[in-house]
Undergrad: 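Take a look at this one; I'll ask things after.
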Amino acid sequence: MESKKYWRELLLTSCLFISIFLVSTGSSSVRANWKMPYERAGFSKKAAAALLLNRFTFGPRPGQVEEIQELGLENWFESQLISTVDDQLHSRLEDFDILAMSNEQIAEKFPNPGAVLREAISKGVIPNDSLQKGSIAYQQALSDYMREQGLRRPIELQKQLVSQKIIRAAYSKYQLQEVMTSFWFNHFNVSMTNNRSALFIPSFERDVIRPHALGNFNDLLLQTAKSPAMLYYLDNFSSASDSNTISRRQASVKEGSRKEMDMKIKLKRKVNGLNENYARELMELHTMGVDGGFTQLDVTEAARVLTGWTVRPMGRFVNTQASSRRKQGGKVNGHGTVMDGDFVFTPARHDQGSKVVLGVNFPENSGYEEGVALIELLAAHRATANFISRKIAIRFVSDNPSAELVGKMATVFVKEKGDIPSVLRAMVQTEEFWEEIKAGEKIKSPFELAIGSVRNLDADLTQPYALYGWISRMGEKMYSYQAPTGFPDNGNFWINTGSLLNRMNFGLAMASGRLPGVRVNLLGLNKGHEPGSSKEALQIYSELLLPSRDLSATLQRLAPLLTDPTLGEKLEHASKQHNLPGDNPRDESYNKLQNDKKSQRGSNSTTLAQVVGLILGSPEYQKR
Amino acid sequence: MATRRAFIKASGLSIFGASIMGNIPDYVFQAAVSQTANSPFQKQNTLVCIFQRGAMDGLMAVSPFNDPFLKQARPSLFIKPGTSGTGLIDLDGTFGLHPALKGFQGLFGQGRLAIVQGIGSPNATRSHFDAQDYMETGTPFRKGTDSGWLNRSLSNRKKTHVDTPFSAVSLTSALPRSLYGKEPAIAISNLQDFAIQLKGNPGAAQAASERLEDLYDQTAQGLLQHTGKDSFEAMSLLQKTDLKGYKPEAGVRYPNSALGNSLKQIAQLIKMEVGLEIGFAESNGWDTHFNQGTVAGVFARNLLDFNDSICAFWEDLGAFQDQVTVMSMTEFGRTVKQNGTGGTDHGRASCNFILGHNVVGGRVYGTVSPLAPENLEDGRDLKVTTDYRAVFAEVAGRQLGIDNISNIFPDWEGQYLGLMKR
């Protein structure tokens, strides 16, 4: 234990040192002493660089393919494995005050408006009959009351959460950390659609997921297990001991009677407090996988181990007496109460009996510690190594990675005790990785598509939330996937008739500068030079958007369009027929759009926008 | 191509217009060939589901008005039977429809509309999130189920034709949990958005559309290619119709509400015969904790919209009524007793409505005991006497021809109520 802690601290210190060094020098001093076998799979260094940027970041920024070649691909990869809290985005994130707020502060500031209304009515601030007059009247009264009390609407929380994520994904230098943050968030999915969980999601991402995204899987798993967002989302906060069933069940465990027993458990659960939701997903989704080799009995036993794992009462409407009683619990008192941040282990709700999970005995009266031991047992299980490795391979390689690739990664996962960077490093060192990438394809998720275009075009996001509607329409309503599975990570899920048209429309809108709050300067991208011909434009911008990709087929299909001498005229003409957003000087976005127009709508600018829009909407661009 | 052209001429598909000649959607073509019918999706059965989010007060919508306990528990929310919008519409001497549901009265009388009172989930959760989740997955004790019950219904239905992009359409901004799963389903709040468009520059959009269609056809493979093809074909199919200028049947007026607009568009899809099998719409605002009112007020307004939207939809279907069944659902009901703010809190059982020619209507199904505290769940709520899965299974099973209902509701073993004819 001691030495483990020592190494971790040493690692942390050295990471910190390296990141400070990185920032101060602006270039990486990280030297990788390993190689990626991309040449054997037939990739040039440039093609490999482009591919790495497409898979391990949210997309290459202009010039980045060259940059990382110069740095050395392995060195660059190594530098991306660093975990940091400082992403150099202070000025872009300063408007988002929730980022500095604790769970408790958020719970205080963003109460459920229904509960506030009830409070205001009971205080007589809002007359009870104002509701009869229609919703506008009382909504106004409620807003006034909330402002007076310094309270804010949950929608603000959601907007800030979404906006900061868009900013980080688009601009963070620590791209892989951000990619892995998305990956693990989706793996340990929680959803804003669950009101109770919603308030704690900002902290879930900030304090639980991101710091461990490139850390150790065991730590990550334990922190998710103790996080209010997860405890509420999968109901463990309410799960309590039912010792009567235990004795009866232990007496009646016989082969063949499982179904009957399950029924009894199910029946009992309604009456008593055991809730298996979290325990089941912990094994099925978070660690071993559905075919990982556990039984329903293991799930029930694991749920018993985790009884009493709950959340400290917080927020405007908690019962203050109960709250102060629990607050007095202290760190660890004689009765075994454990408090750690917002997490509380309450012995009174804990099932003190002995349990057996996956054949491992958990002796009676082991309290909080047996839950930690359970997490360690699951994190270290070979099925977990396989399941997690496969999921990582699906994220980075293809929808169907080979058993060989997954096996190699899983071996490292076990050997390095769940060290996530080791698994990633091992993955890119296999020949399978490069061969399978060549053979397969990954479809960008809507978020990746939108952020990728921002990065490829070096766009300036003045209102990041503007992208949210598009990302949702393309099928990825951020932070709102209702099921604990998270968004399925495969092309079949993302691509359907409705979403595909929206992807094309997004590309057209993005390139034409018609997304308010998203500034694109196409000419600036080409250092202010207007391409001499449409054909040249096609070459230049396709290389910017899809560096080092074989686009011969796409270019061939687009070329005839551009040789149409009347095209620009047609487009210009059509656009003049209509009022454009921002044409109204009273419109907020007027000034910005005027600027955009100057840079974009010169003689050929509409054609240019059209070219870029078509590339963004093309089949090739939908692939990572 | 020659055969395609010949087929088009013979089949009357030329209604799609000359420009689409030789470009008949693949799925239309295949379906038509396999069925040699004039219109490939004629007699396509459709199930339309309406989720009333927020938990509708079933005891106020369909009220057991003779029960003295109800009157006692709801001193200011009780409605007596009466006439012309002032009181309940007495259905059978036991239950009365809220006066806002006046359109339902006729449908009930014609035997088209069935009501199930006391429907709900075996899971006693009173959380909106959990209850909706459990209802939509169809697995009331399992949160991890990755698919929704409607998507599984689509996988298990009797296939009468090839899939179309419009097999399952939700008129919502995001896909509802009910439609999560491996069968393709689309969420779109406005059918007019099903197009290549660029705000303020339709000329550019038109030019782009042609190029993109070509790119997806010529440069893509696999998933992107065939989905691209389907998208553009579906788009041109929709564009043949004047979506914006849609004229419902004579005399039909949809409310200008979210539900009204959703159902209007579902009717459009049904009448266009594009292969719609599952339509999904939502109605919000049922969480009536405050002053829900009686014959007027928040609840009545919402219920009137519900009534008017469904009745308009039904009338608008005209001859298509034969192939359509409509079913409503809500996550739970509300407390028998009114609360301190003139509303009702989260309860257990509610009621739902099933409408169609294949419905054994004119009856209120389910068991409702006198609302004495000892008959209530936890002493406060209407007991769930009909598992929602019994109703969903029968309605979807019959309407879509699903043989193996345990694929839809794996943990359910129960009896149908017999509310569908076949």
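Letters A, B, ... mirror the listed sequences (proteins, then strands); counts begin at 1.
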Undergrad: Take D130(B) and D235(A), measure what side-chain contact (heavy atoms from CB on, under 4.5 Å) needs, and give me the verdict at the end.
TA: CA-CA 10 Å; D130(B) 288 348; D235(A) 307 320; 3.5 Å; yes

Undergrad: Counting N and O atoms only, with roles assigned by atom type, does the side chain of R211(B) sit under 3.5 Å from a partner on the main chain of R557(A), one being a donor and the other an acceptor?
TA: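 Checking the backbone N and O of R557(A) against the side chain of R211(B), a donor-acceptor pair under 3.5 Å is found.
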
Undergrad: Determine the option with the most heavy-atom pairs under 4.5 angstrom with chain B, choosing from N502(A), I495(A), L234(A), T485(A).
TA: I495(A)

Undergrad: Ignoring hydrogens and geometry, is there a side-chain-to-backbone donor-acceptor pair from K182(B) to N492(A) under 3.5 Å?
TA: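 Absent.
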
Undergrad: Count the heavy-atom pairs under 4.5 Å between each of T137(B), I186(B), I196(B) and chain A, then report the option with the highest count.
TA: I196(B)

Undergrad: With a 4.5 Å heavy-atom cut-off, do D133(B) and Q482(A) have their side chains touching?
TA: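 Counting from C-beta outward, D133(B) and Q482(A) do come under 4.5 Å.
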
Undergrad: Once salt bridge (charged side-chain N to carboxylate O under 4.0 Å, His left out) is applied, do any residues pair with D146(B), and if so which ones, sequence neighbours excluded?
TA: none

Undergrad: Can you tell which part of D287(B) gets under 4.5 Å to a heavy atom of chain A, answering side chain, backbone, both or neither?
TA: neither

Undergrad: Nearest 0.5 Å, please: how far is NZ in K623(A) from CG in L223(B)?
TA: 10.5 Å

Undergrad: Nearest 0.5 Å, please: how far is CZ in F232(B) from CG in L501(A)?
TA: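 Answer for the CG-CZ pair, L501(A) versus F232(B), is 6.0 Å.
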
Undergrad: Could you give the distance from CE (M504(A)) to OH (Y216(B)), rounded to the nearest 0.5 Å?
TA: 4.0 Å

Undergrad: When rounded to the nearest 0.5 angstrom, what is the spacing between CD1 in I126(A) and OG1 in T341(B)?
TA: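 If we round to the nearest 0.5 Å, I126(A):CD1 and T341(B):OG1 are 12.0 Å apart.
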
Undergrad: With a 4.5 angstrom heavy-atom cut-off, which part of Y481(A) approaches chain B: side chain, backbone, both or neither?
TA: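 Y481(A) touches chain B through backbone and side-chain heavy atoms alike.
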
Undergrad: Classify the ring geometry of Y233(A) against F129(B): parallel below 30°, tilted from 30° to 60°, perpendicular beyond 60°.
TA: tilted

Undergrad: Can you tell which part of F194(B) gets under 4.5 Å to a heavy atom of chain A, answering side chain, backbone, both or neither?
TA: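 Backbone plus side chain of F194(B), per the 4.5 Å heavy-atom cut-off to chain A.
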
Undergrad: State the CD-CD distance between Q556(A) and Q218(B), to the nearest 0.5 angstrom.
TA: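 Reported to 0.5 Å precision, the distance equals 9.0 Å.
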
Undergrad: If I take atom CG from residue N275(A) and atom NZ from residue K143(B), how far apart are they, to the nearest 0.5 angstrom?
TA: 7.5 Å

Undergrad: Against chain A, work out which of H289(B), Q132(B), R142(B) has the most heavy-atom pairs shorter than 4.5 Å and name it.
TA: R142(B)

Undergrad: Side chain from CB out, backbone as N, CA, C, O: work out which of these in L198(B) comes under 4.5 Å of a heavy atom of chain A, or both, or neither.
TA: side chain

Undergrad: What part of Q197(B) lies closer than 4.5 angstrom to a heavy atom of chain A: side chain, backbone, both or neither?
TA: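 Answer is both: backbone and side chain atoms of Q197(B) are under 4.5 Å from chain A.
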
Undergrad: Which one of G181(B), S127(B), G144(B), G228(B) has the most heavy-atom pairs closer than 4.5 Å to chain A?
TA: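 Max contact count across the listed options: G144(B).
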
Undergrad: Do NZ/NE/NH1/NH2 and the carboxylate oxygens of R473(A) and D193(B) come within less than 4.0 Å?
TA: no

Undergrad: What part of I188(B) gets closer than 4.5 Å to chain A, counting heavy atoms only: side chain, backbone, both or neither?
TA: neither

Undergrad: For chain A, find which of A195(B), A187(B), S189(B), A174(B) contributes the most heavy-atom pairs closer than 4.5 angstrom.
TA: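 If we count pairs closer than 4.5 Å to chain A, A195(B) comes out on top.
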
Undergrad: Do R177(B) and T193(A) touch side chain to side chain, with heavy atoms closer than 4.5 Å?
TA: no

Undergrad: Would you indicate whether the side-chain heavy atoms of L224(B) and I443(A) approach each other to under 4.5 Å?
TA: yes

Undergrad: So, using salt bridge (charged side-chain N to carboxylate O under 4.0 Å, His left out) as the criterion, who are the partners of E136(B) when residues are at least two apart?
TA: R53(B)

Undergrad: Any idea which of G613(A), A483(A), S552(A), S122(A) has the most non-hydrogen atom pairs under 4.5 angstrom with chain B?
TA: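 So the answer, after comparing G613(A), A483(A), S552(A), S122(A), is A483(A).
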
Undergrad: Spell out, as yes or no, whether a donor-acceptor pair under 3.5 Å connects the side chain of R514(A) to the backbone of K199(B).
TA: yes

Undergrad: Do R118(A) and F290(B) have side chains that approach each other closer than 4.5 Å (heavy atoms only, starting at C-beta)?
TA: yes

Undergrad: With a 4.5 Å heavy-atom cut-off, do L215(B) and P619(A) have their side chains touching?
TA: yes

